[in-house]
Amino acid sequence: MALIKSISGIRGTIGGKPGETLSPLDVVKFTAAFGTWLIEQYPANKKVVIGRDGRISGELVRSLVVSTLNALGLDVVDLGLSTTPTVELAVVWEKAAGGIILTASHNPKDWNALKLLNHEGEFISAAAGAHILELADREAFTFVGVDKLGSYRKDDSYLQKHVDAVVNYALVDAKAIAKRKFKVVVDAVNSTGAVFVPALLKALGVEEVIVLNGEVNGRFAHNPEPLPENLSELSREVNKHQADLGIAVDPDVDRLCFVSEDGSMFGEEYTLVAVADYILSKRPGNTVSNMSSTKALKEITQKHGGQYFPSAVGEVNVVKKMKDVNAVIGGEGNGGIIVPDLHYGRDALIGIGLFLSHLAHHKKSIKNLRSQYPDYFISKNKIELEPNVDTNALFSKIGNKYKNNPVNTEDGLKIEFENDWVHLRPSNTEPIIRIYAESDFETKANNIAQRLMQDIREVMNE
């Protein structure tokens, strides 16, 4: 069981001792700290937007969060079952002081988390996160008397508002999508994608939609991270139904990947590449992705006359870099699409609208579209850490071993090998080191990753 407190929020497993898991006491304490920070920042704005994914523990955590915010004198707008990008949009549309999304994203069903948003509907800064952690540690919050308790309002309108925003986005071509008469299979992994994705597809004129794992019960039918090894059912069903494509999202609908008509993986790294190709063809400019993402985005950007910029891993870092370089599209290689003139957040729904527009204009199959892009392979691996491992010391020793190679230490450790690269970094959300390696051949990428994993094990066993 685990509890991970970070500058981006609090995440943990349900059940166990306070301070060691995401217990009710920890939910209340951290919510109170965040609410106190909101009051410090925006004393005249008492409104907070919340929403949750379909997790089993969602209602339990929601009731604790609502009561705690009300006890601070804050007014809650509850979107109920929602998505991360929908809550982000709602914070801005409601002119709220901030928001909380109750989701552990791709983590298994026994996890939950509080993801914290500022008044712009964006994830809070590192400095704000550190201050909130300090407030929680000191329990530096004060609750109001009965005459000043906050209000509560349930608002179910934001599903339609989000769908409308996507359909009406300038580069989404609903007429072209409807004309193609796509048949689509959706793996909704028993969370809110089962509601939001079909609603969007219908609004885009897609009439044939088959939904897998469509009961919103949080009992994920498979590992909820949309990786190839977890999408075998989607692949089979695309083949079985002779569908044009398959769509997979994670439980909070901010990550997106596709399956081609023959059941093969389009590749989560290529979600952003394809969407960027479409946007850049209409609106040339700069792009951003994190340094664990495929170099194919850089090549596509340069082909359209733009400039590519890498960022540290993490949505808040990607967003900051996008603002710095005025990027027209950005995101992460895990299937996260950020369209800045809609909002600065990963959003699978706008990703679907833009991807289907691109595919509709392409006039050929999704498999054919994938063949238009360079073939690189990223091997994604992880090693679980023992408690109290000093990752900085570990990376320093490994970096020293490869001191004759170009090394970047901005975010963990990235090592370049001629045309290949490997990136090692500690996860912000789990006690693991992630090892990503890219090459032009899958076996080469796997071999590079395995070599570095062996280096990590050797250092940890010293």
Participant: Using a 6.0 Å distance limit plus a 45 degree cone around the ring axis, check whether K295 lies over the aromatic ring of W421.
Facilitator: no
Participant: Applying ring-ring contact (aromatic ring centres under 6.0 Å, His included), name anything that partners H222, two or more places apart in sequence or on another chain.
Facilitator: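 Here no residue qualifies.
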Participant: Can you list everything that forms a side chain to side chain contact (heavy atoms under 4.5 Å, CB included) with D411? Sequence neighbours excluded, please.
Facilitator: M291, A312, V313, H423, R425
Participant: Could you list the residues that satisfy side chain to side chain contact (heavy atoms under 4.5 Å, CB included) with Q41, not counting sequence neighbours?
Facilitator: W37
Participant: Mind checking what makes side-chain hydrogen bond (donor to acceptor under 3.5 Å, both in side chains) contact with K397, not counting sequence neighbours?
Facilitator: E462
Participant: Which pairs pass salt bridge (Lys or Arg N to Asp or Glu O under 4.0 Å) with one or both residues in residues 310-320, sequence neighbours excluded?
Facilitator: E315-R346, K320-D324
Participant: Just checking, any donor-acceptor pair under 3.5 angstrom between side chains of S105 and N107?
Facilitator: no
Participant: Evaluate the ring planes of Y158 and W93, with Trp represented by its six-membered ring, and classify them as parallel (under 30°), tilted (30 to 60°) or perpendicular (over 60°).
Facilitator: parallel
Participant: How far does CD1 of I378 sit from CD1 of I448, to the nearest 0.5 angstrom?
Facilitator: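 With rounding to 0.5 Å, CD1 (I378) is 11.5 Å from CD1 (I448).
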Participant: Strictly by ring pair (Phe, Tyr, Trp, His ring centres under 6.0 Å), give each pair with a member in residues 362-393 just once, sequence neighbours left out.
Facilitator: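 Sorted result for residues 362-393: empty, none.
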Participant: Run the side chain to side chain contact (heavy atoms under 4.5 Å, CB included) test against E261 and tell me which residues pass, sequence neighbours left out.
Facilitator: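 So E261 forms a side chain to side chain contact (heavy atoms under 4.5 Å, CB included) with S365, I366, K367.
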Participant: Does NZ or CZ of K323 lie under 6.0 Å from the centre of the six-membered ring of Y344, at an angle within 45° of the ring axis?
Facilitator: yes
Participant: Strictly below 4.0 Å, N to O, side chains only: are R55 and D252 in salt-bridge contact?
Facilitator: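 Answer for the salt bridge query: no.
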Participant: With a 6.0 Å cut-off (strictly less than), is the heavy-atom count around NZ of K298, excluding the residue itself, greater than 12?
Facilitator: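 No, because the 6.0 Å sphere around NZ of K298 holds 12 heavy atoms or fewer from other groups.
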Participant: Looking at residues at least two apart in the chain, or sitting in another chain, which of them share a ring-ring contact (aromatic ring centres under 6.0 Å, His included) with Y278?
Facilitator: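 Applying ring-ring contact (aromatic ring centres under 6.0 Å, His included) to Y278 gives H358, H361.
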Participant: Of R236, M265, E237, which is the lone residue that meets side chain to side chain contact (heavy atoms under 4.5 Å, CB included) with V259?
Facilitator: M265
Participant: Suppose the criterion is salt bridge (Lys or Arg N to Asp or Glu O under 4.0 Å): which pairs have a residue in residues 267-279, not counting sequence neighbours?
Facilitator: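 Only R255-E268, E268-K380, E269-K380, D277-K303 qualify under salt bridge (Lys or Arg N to Asp or Glu O under 4.0 Å).
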Participant: Among all residues two or more places apart in sequence or in another chain, which pass the ring-ring contact (aromatic ring centres under 6.0 Å, His included) test with F355?
Facilitator: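 F355: ring-ring contact (aromatic ring centres under 6.0 Å, His included) contacts with F258, F266.
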Participant: Write out all pairs satisfying ring pair (Phe, Tyr, Trp, His ring centres under 6.0 Å) with one or both partners inside residues 387-415, taking only residues at least two apart or from two chains.
Facilitator: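 Those involving residues 387-415 are Y402-F417.
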Participant: Mind checking what makes side chain to side chain contact (heavy atoms under 4.5 Å, CB included) contact with A221, not counting sequence neighbours?
Facilitator: N190, N213
